[in-house]
Amino acid sequence: MKTNETISVEAEPYDFEFVPATCALLIIDMQRDFLESGGFGEMLGNDISQLRRTIEPNRVLLAAWRAKGWPVLHTREGHRPDLGCLPPAKKIRGRSLTTIGDKGPMGRILVRGEAGHDIIPELYPAFGEAVIDKPGKGAFWATDLHAIMQNRGIKQLIVTGVTTEVCVNTTVREANDRGYDCLVPEDCVGSYFPEFHDMGLKMIKAQGGIFGWVSHSKHVLSAIK
Ligand code: TIU
């Protein structure tokens, strides 16, 4: 398969077409604090199994994408150790006794360089794969993702990761407004709340693909094999 060949993936609301050289796999926030037992997500009372089911399909898709030598990007949600990029509103939201920046079960919560902030070992970035540290929910705001995509000629994104209605949806919307196409494989994204996951996906593909396309990793894998 040539990297300038157009590949068609079964998707909703209609097939998604992409050219490998200009389409990146963007894996959102597969961080220990969101996915692992004892992390920040679980500390807040969330059911991490809803997110952990995404690990294996992401691992398989990442391995396939890497085997082709196609572009891979990763993001992490978190803040500078001095918390200079943490808005006070985000710090106090939720009225929890322990909030972002405080000592949590895996180091300071969502602080860059801490164990819980890092990406889970199953999907650890390889050499040459950009890791984008983002202070917000969207991967474009206050990051160099847009510049990286422009510099590398990336026009389309396969967006996976967590959580469906928060960081994945926000990123897909930001990408849409910047003129990029996004495909979301539904088994590779997850939410602590199944009903938000379902609606988050419907919101993307409604109205003729108002924000993008929704598919399943099996359709991506069969299209690229
Ligand atoms: N990455 C991401 O979605 N961050 C969140 O805070 N998600 C929640 O669902 N809370």
Side-chain angles (χ1 to χ4, degrees), residues 25-55 57-58 62 73-80 83 85-102 104-112 114-120 122-125 130-143 145 157-175 182 184-204 211-212 214:
L25 176 62
L26 176 66
I27 306 177
I28 303 288
D29 299 358
M30 292 294 278
Q31 292 161 258
R32 297 185 62 197
D33 250 332
F34 294 127
L35 287 128
E36 290 193 355
S37 183
F40 180 50
E42 194 178 64
M43 193 189 91
L44 294 175
N46 293 306
D47 174 10
I48 57 166
S49 70
Q50 295 290 342
L51 306 195
R52 292 194 64 80
R53 65 156 181 77
T54 69
I55 296 173
N58 264 292
L62 175 59
L73 308 167
H74 305 258
T75 70
R76 298 183 294 205
E77 179 178 351
H79 299 276
R80 299 159 50 97
L83 304 184
C85 62
L86 175 61
K90 184 176 179 182
K91 168 76 179 160
I92 62 169
R93 187 86 46 79
R95 297 180 171 174
S96 174
L97 284 177
T98 310
T99 61
I100 296 168
D102 295 340
M106 289 190 217
R108 293 177 69 201
I109 296 164
L110 296 190
V111 170
R112 296 172 192 164
E114 301 287 336
H117 172 264
D118 211 355
I119 293 174
I120 57 170
E122 296 92 329
L123 300 175
Y124 212 74
V131 179
I132 292 126
D133 279 319
K134 62 188 185 61
K137 303 307 181 192
F140 288 87
W141 184 73
T143 74
L145 175 58
L157 296 167
I158 311 271
V159 185
T160 73
V162 298
T163 62
T164 314
E165 81 282 13
V166 183
C167 294
V168 171
N169 236 277
T170 305
T171 297
V172 167
R173 288 164 188 242
E174 286 185 332
C182 293
V184 179
E186 61 186 14
D187 55 320
C188 295
V189 296
S191 167
Y192 297 122
F193 308 96
E195 67 273 34
F196 292 170
H197 171 79
D198 294 344
M199 283 301 167
L201 293 172
K202 282 184 180 168
M203 286 177 189
I204 290 168
F211 296 122
V214 175

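The structure presented is a predicted model; accordingly, all values stated were derived computationally and were not measured. Whatever order the structure lists them in is the order used to number ligands and atoms, beginning at 1. Residue indices begin at 1 and follow the sequence shown.
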Open item on the list: Between Lys134 and Glu174, is the salt bridge (Lys or Arg N to Asp or Glu O under 4.0 Å) condition met? List the steps.
Closed with: CA-CA 13 Å; Lys134 62 188 185 61; Glu174 286 185 332; over 6 Å; no
Task: Step-by-step side chain to side chain contact (heavy atoms under 4.5 Å, CB included) determination, Val159 to Ile28 - done: CA-CA 7 Å; Val159 185; Ile28 303 288; 3.8 Å; yes
- [ ] Could you check His197 against Ser191 for side-chain hydrogen bond (donor to acceptor under 3.5 Å, both in side chains), going step by step and ending with a plain yes or no?
- [x] CA-CA 5 Å; His197 171 79; Ser191 167; over 6 Å; no
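If you check which protein heavy atom lies closest to atom 4 (N) of ligand 1, you get Glu77 OE1, 2.9 Å. In terms of protein heavy atoms, atom 7 (N) of ligand 1 is closest to Thr163 OG1, 3.5 Å.
For the ligand labelled ligand 1, residue Phe193 lies outside the 4.0 Å heavy-atom shell. Contact between Lys137 and ligand 1 is present, with at least one heavy atom of the residue lying under 4.0 Å from the ligand.
Of all atoms in ligand 1, listed by their number and element, those nearer than 4.0 Å to a heavy atom of Asp29 are 1 (N), 2 (C). The Cys167 neighbourhood of ligand 1 comprises atoms 1 (N), 2 (C), 3 (O), 4 (N), with distances under 4.0 Å to a heavy atom of that residue. Close approach of ligand 1 to Val162 (heavy-atom distance below 4.0 Å) involves ligand atoms 1 (N), 2 (C), 3 (O).
Between Phe34 and ligand 1, not a single N/O pair is under 3.5 Å apart. Inclusion of Val166 in the set of residues having an N or O under 3.5 Å from an N or O of ligand 1 is not warranted. Of the polar atoms of Tyr192, none of the N or O atoms is found under 3.5 Å from an N or O of ligand 1, judged by distance alone.
Atom OG1 of Thr98 is separated from atom CG of Leu44 by 9.0 Å, given to the nearest 0.5 angstrom.
Scanning both residues, Arg112 and Asp133, for their nearest heavy atoms gives NE-CB, 3.6 Å. Nearest approach of Tyr192 to Phe34, heavy atoms of both residues: OH-O, 2.9 Å.
Using a 4.5 Å heavy-atom cutoff, the side chains of Val162 and Gln50 are not in contact.
Distance screen at 4.0 Å: atom 10 (N) of ligand 1 has no protein heavy-atom neighbour inside the cut-off.
No more than 12 heavy atoms of other residues, nucleotides or ligands sit less than 6.0 Å from atom CZ of Arg93.
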